[in-house]
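A note on names: the letters A, B, ... follow the listed sequences, proteins ahead of strands, and every chain is numbered from 1.
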Amino acid sequence: MNRKWIRYIGLCLCIWLVPSLTWAHTHLKQSTPGDGDTVSQPVQKLTLVFEERIEQGGSVELRDDAGHTVKPSSVKIQGDTLEATLGSALPDGNYTAQWKIIGLDGHPMQGSFHFEVKAGKTSTSQKPPTVPKQQPTPHHDQHPAPVKRSTSSPVIWVVALLILSAAVIVGWLFWRKPKA
Amino acid sequence: MIVWVQTLFETMAVTCLALLTGGALLSLVGDEYKPIVVFPHRLFPLVTLLAGLASFVPVLRLVLFLAPDTGWMEAIRLGVFLSRTGQVWLGLMAASILLALFLQARDMTSSKWTSGLALIGTWMLILIKSWMGHAASVSGVSGWVLHSVHLTAVCIWAGGLMMAGFFTVDTARWLSFLRWFTPTAIGCVTAVILAGWGLMGIIAPEYVASWVLPYGEALLIKQWMTAGVLVMAGVNGGWIRRKLARGEGVNPLPWIRAEAILILLVVAITAWMSQEAAPHTVAETVQAVGVSPLFEGLFPGKWHPGLRAEWQGHLLGGLSVLVALILLALIPLLFRQRRSAYGAVWLAGLAACVGFVGVLVWAYGG
Ligand SMILES: [Cu+2]
């Protein structure tokens, strides 16, 4: 083998390792109240800190167990922090905060976290006793423990199918008459 | 849905930029060093506008995302005029309108001056477009420089291939064309590698573990696909060139077209990837977006937070990788037997599929 070919193969090996130009999305770094927190102080402000600077136009919405939504009276975004001020302190209960933001990379992101308020303030509106309810696809929930399913992997069929189609295509390409 | 729209338009935008670059580059080169280009030059203003317009989708995505909460007017104000993505896009659009007007007034090929200015204008578009990307937003100037180098190299390489492959009629001066284009292409490939490595230092993905995510899987498929492109580049820049130098009759056009098509496929995969979450930390990303449907389909119920690749050399995995390598090796054979060059696109695509599944099975078992 001459040196030209060694260089060429070296080049091939190099490009193999090249990743694409993509970056992590902006995730929620921390929040007050935090995910899973039980708060005994009155909550009148939510603070969400993200991994990097975020764009204007983000929002956050609270939902209690009964499905009532609370919209903040004002939302302020500065740097990596979104600050939502609520009109009045939250009544006791479980809350899901649903946030939507635009990362500096221009990618819209959304997610949610939960917290409980136990500050001794009850809702003025009559509300049925809170029943813990399954939240819809929560962002920060732990992944359910892996269930060892006995489903057999279809890998063998996939590979067989791929190799078969490879054989068919190679046959089709090479067993026809050449163009002269 | 919007993901596929964005993939399509992003591929289109890069294709337009590549066509412009290739067009301006070939206009700049003396007639004795290139085949006769038949690209209809009054289309260049249109191509220029399209490069700007097709880049609108990321902005549209923001507006659609904001609209339910804020209403349309406010969403447009925030998305187009206040967001970084929107502002850079406005800049790109303004620049592409200016360049289109210039190319409308002056034929790109009319003089060395106009083709030189067209090339500089196109490069401006490439630089602004790179500013729209992730890299610039995350690590500022250094990310932007790396992204620009990457995009510029891709545009020169793919643009030259497309112009020479699809829009030339004769191959009379092909050898003198390859004499400068082959080193240029090798330079571009090297630039792509160096820029990629620089970026990898910042992303630092858990490469193998990321194969449970759409992003990592697309990266793996892209790498197999790139292997096919390099084999094609070897045939085009090496074998065909030697044959021509020896005065043997070969028609290089279909082969260069097939290579251009393969590069466009890689560009499309990259465009698709740029919307997915990059696996900074794989376990965390899986919590946020879930295991890819492809991985779940191949290995049902296999993923759990502590999953590591086993590399137990599964027979099926090894066999598939071998088949993929054979498929790639058949590409030069296709050329030797004077068969259709477009068969190479099929071979490279199949090799990417088989090799992809093979590596996954090798890593994660049957
Ligand atoms: Cu992102």
Self-check item: Contacting region of A/Ile169 [heavy-atom separation from chain B under 4.5 Å]
Solution: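 Contact with chain B is through the side chain of A/Ile169 alone.
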Quiz item: Which atoms of A/Ile54 come close to chain B, meaning under 4.5 Å heavy atom to heavy atom: side chain ones, backbone ones, both, or neither?
Solution: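 Contact with chain B involves no heavy atom of A/Ile54 at all.
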Practice problem: Count the heavy atoms belonging to other residues, nucleotides or ligands that lie under 6.0 Å from CG of A/Leu161, then report whether that count exceeds 12. | Solution: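 Count over threshold, so yes.
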Exercise. Heavy-atom distances under 4.5 Å only: say whether B/Leu330 touches chain A with side chain, backbone, both or neither.
Key: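 Contact with chain A is through both the backbone and side chain of B/Leu330.
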Quiz item: Which atoms of B/Leu333 come close to chain A, meaning under 4.5 Å heavy atom to heavy atom: side chain ones, backbone ones, both, or neither?
Solution: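 Both backbone and side chain.
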Name the option with the most non-hydrogen atom pairs under 4.5 Å to chain A; the candidates are [options].
| options | value |
| --- | --- |
| B/Asp69, B/Leu319, B/Leu347 | B/Asp69 |
| B/Leu327, B/Leu334, B/Val357, B/Leu82 | B/Leu334 |
| B/Ile269, B/Leu66, B/Val59 | B/Leu66 |

Quiz prompt | B/Arg339 (side chain) donor-acceptor with A/Phe174 (main chain) under 3.5 angstrom | solution =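 Yes, because the side chain of B/Arg339 sits within donor-acceptor range (under 3.5 Å) of the backbone of A/Phe174.
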Quiz item: Side chain of A/Glu55, backbone of B/Arg84: donor and acceptor closer than 3.5 Å?
Solution: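 Checking the backbone N and O of B/Arg84 against the side chain of A/Glu55, a donor-acceptor pair under 3.5 Å is found.
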Quiz item: Hey, what do you get for CZ (B/Phe65) to OG (A/Ser59), rounding to the nearest 0.5 Å?
Solution: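 The OG atom of A/Ser59 is 7.0 Å from CZ of B/Phe65, to the nearest 0.5 Å.
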Quiz item: Any side-chain heavy atom of A/Val155 sitting closer than 4.5 Å to one from B/Leu360?
Solution: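 Contact flag for A/Val155/B/Leu360 side chains = no.
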Practice problem: Identify the residue among B/Val323, B/Val354, B/Leu298, B/Leu316 that makes a side-chain contact (heavy atoms from CB on, under 4.5 Å) with A/Val159. | Solution: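 Among B/Val323, B/Val354, B/Leu298, B/Leu316, the one meeting side-chain contact (heavy atoms from CB on, under 4.5 Å) with A/Val159 is B/Leu316.
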